[in-house]
Protein chains: 2
Amino acid sequence: MAETKERDAGVSEPEAAEISLGRYLASIRKDRKLSLRAVEERSKKQVSNAYLSQIENGQIKQPSPNTLNALAELYEISLEKLMIKAGYITPSSKRRSGERHGRVATFAEHNLTAEEEQELMDYLEFMRSRKK
Amino acid sequence: MAETKERDAGVSEPEAAEISLGRYLASIRKDRKLSLRAVEERSKKQVSNAYLSQIENGQIKQPSPNTLNALAELYEISLEKLMIKAGYITPSSKRRSGERHGRVATFAEHNLTAEEEQELMDYLEFMRSRKK
DNA sequence: AGAAGATGCTTGATATATCAAGCGCGCTAT
DNA sequence: ATAGCGCGCTTGATATATCAAGCATCTTCT
């Protein structure tokens, strides 16, 4: 029955004891009602079913950002969330107390897509969670 | 004498035949007047001198984003530029011809730091260069 | 019941990232 | 000159990502 026995460990520091990358990805895949092989196909072979299985069972510690990106796009979830769970970045400082002056003007020239905006927001979150 | 003999190859597709990651990093390190060992120290041992040497000589194809991030911060250069040169993302489509509706309002609530803004701009570039 | 798939999983092979330790060379200083 | 240091570099060892191929189980169809 697998059991998995809390074989979690965590690449860097689990800290908040969040749900692991593997379990997270597995739960999402099930929610999307996709089989391992379906993901393999839809990802244009970027992620093999064998490999995804290992990731979901926690046998792979840190899949490459390529892989994570493929899954993020396929599942339509935030890449940064995966990057954090994979231990590429540390969600250490809760909030930068630094000085911030509202500057938005620059982005006016960029004509953002809705998706682009969403991704930028995600990335902003990501930026603020790492940084020393 | 080294020669290196155009042992470049490129992880994904060189396409624009830009300067390679190795040469780029080497040129910047020299500009910053740092030795391999100095970088090793300043990076808090995140990048060993041996390894950096290999990277600069093109013997390492794709250093991890951790490594790239350490170097980007140390040299104060754009992480995305390194990510592109390392082949993590493809600067394929010059410009998405897609529909974009100017949306900036959301960022008004975010009070961006100058650095954050810069990084977001970089990331926007990065986003637009990959994407199918 | 048995053929045919589909599903999750294991495993062996291969590639590659990363580092500790060491080598050889060029500088200074004694 | 020679002792020492800093330099870039090589190499062997280790860890890990990734996949092709296969296995066991379960479902469904005839």
Side-chain angles (χ1 to χ4, degrees), chain A residues 1-5 7-12 20-71 74 82-83 85-88, chain B residues 1-5 7-12 20-71 74 82-83 85-88:
Chain A
M1 198 223 269
E3 260 293 328
T4 335
K5 198 66 168 104
R7 194 45 213 75
D8 231 76
V11 175
S12 296
S20 75
L21 175 69
R23 274 202 251 275
Y24 180 61
L25 286 175
S27 76
I28 294 211
R29 179 174 60 82
K30 275 162 198 161
D31 176 83
R32 302 294 191 270
K33 296 216 181 341
L34 295 171
S35 72
L36 293 176
R37 280 174 177 82
V39 172
E40 170 170 337
E41 283 164 27
R42 293 207 193 186
S43 74
K44 264 291 269 166
K45 297 279 184 186
Q46 264 207 249
V47 187
S48 75
N49 74 80
Y51 190 42
L52 183 53
S53 174
Q54 291 177 99
I55 292 174
E56 291 185 356
N57 294 336
Q59 294 161 54
I60 263 55
K61 312 203 172 174
Q62 202 176 48
S64 84
N66 289 300
T67 303
L68 294 181
N69 184 53
L71 294 176
L74 214 160
L82 296 188
M83 294 283 272
K85 283 186 186 299
Y88 280 118
Chain B
M1 190 217 281
E3 260 295 328
T4 334
K5 198 66 169 103
R7 192 51 210 74
D8 234 74
V11 174
S12 296
S20 75
L21 175 69
R23 275 203 250 276
Y24 180 61
L25 285 176
S27 76
I28 295 213
R29 180 174 60 81
K30 274 160 198 163
D31 176 83
R32 304 293 193 267
K33 297 217 183 337
L34 294 172
S35 72
L36 293 176
R37 281 174 178 82
V39 172
E40 170 170 337
E41 284 164 27
R42 293 205 194 186
S43 74
K44 263 292 268 169
K45 297 279 183 187
Q46 264 208 247
V47 187
S48 75
N49 75 80
Y51 190 42
L52 182 54
S53 174
Q54 289 176 102
I55 292 174
E56 290 184 357
N57 293 336
Q59 294 163 51
I60 263 55
K61 311 201 173 176
Q62 204 177 46
S64 84
N66 288 301
T67 302
L68 294 182
N69 184 53
L71 293 177
L74 213 160
L82 296 188
M83 295 282 272
K85 283 185 187 299
Y88 279 117

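First the proteins, then the strands, lettered A, B, ... as listed; each starts at 1.
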Requested in this report: Return the set of residues passing side-chain contact (heavy atoms from CB on, under 4.5 Å) with B:A70 (not counting sequence neighbours), or none when no residue passes.
Outcome: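 B:A70 satisfies side-chain contact (heavy atoms from CB on, under 4.5 Å) with B:Q46, B:V47 once adjacent residues are dropped.
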
Query - Name of the residue among B:I60, B:N57, B:L36 meeting side chain to side chain contact (heavy atoms under 4.5 Å, CB included) with B:L52 - result: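 The passing option is B:L36.
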
Can you give me the N/O atom pairs linking the protein to nucleotides 11-16 of chain C at distances under 3.5 Å, or say none if there are none?
unit_1 : atom_1 : unit_2 : atom_2 : d
C:dT16 : OP1    : B:K61  : NZ     : 3.1

Rounded to whole angstroms, how far apart are [atom1] on [X] and [atom2] on [N]?
X     : N      : atom1 : atom2 : answer
A:L52 : C:dC9  : CG    : P     : 9 Å
B:I55 : D:dG8  : CD1   : C1'   : 14 Å
A:E56 : C:dT10 : CD    : P     : 12 Å
B:L71 : C:dA17 : CG    : C1'   : 14 Å
B:I60 : D:dT10 : CD1   : P     : 11 Å
A:Y88 : C:dA17 : OH    : P     : 12 Å

Query raised in the report: Has the side chain of B:T67 got a donor or acceptor atom that lies under 3.5 Å from a matching backbone atom of B:P63?
Result: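 Not a single qualifying donor-acceptor pair exists.
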
Query - Under 3.5 Å: donor-acceptor pair, side chain of A:S53, backbone of A:N49 - result: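 Such a contact is absent between A:S53 side chain and A:N49 backbone.
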
**Report entry** 5'-most by nearest nucleotide on DNA chain C - B:S64 or B:N49
**Finding:**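 Closer to the 5' end of DNA chain C: B:S64.
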
**Report entry** Residue-level proximity of residues 29-46 of chain A to DNA chain D when a heavy atom falls under 4.0 Å
**Finding:**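 Going residue by residue through residues 29-46 of chain A, the ones with a heavy atom under 4.0 Å of DNA chain D turn out to be A:R37, A:K45, A:Q46.
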
Query raised in the report: Could you walk me through whether A:E40 and A:K45 pass the salt bridge (Lys or Arg N to Asp or Glu O under 4.0 Å) check?
Result: CA-CA 5 Å; A:E40 170 170 337; A:K45 297 279 184 186; 3.0 Å; yes

Report task. Working to the nearest 0.5 Å, report the span between CG of A:N69 and OG of A:S43. Result ->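 Result: 11.5 Å between the selected atoms.
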
Query raised in the report: Quick one: does A:M83's side chain get under 4.5 Å of A:P65's, heavy atoms only?
Result: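 A side-chain contact under 4.5 Å exists here.
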
Query - Residues B:R23 and B:E56 bridged, charged N to O under 4.0 Å - result: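 No, B:R23 and B:E56 are not salt-bridged.
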
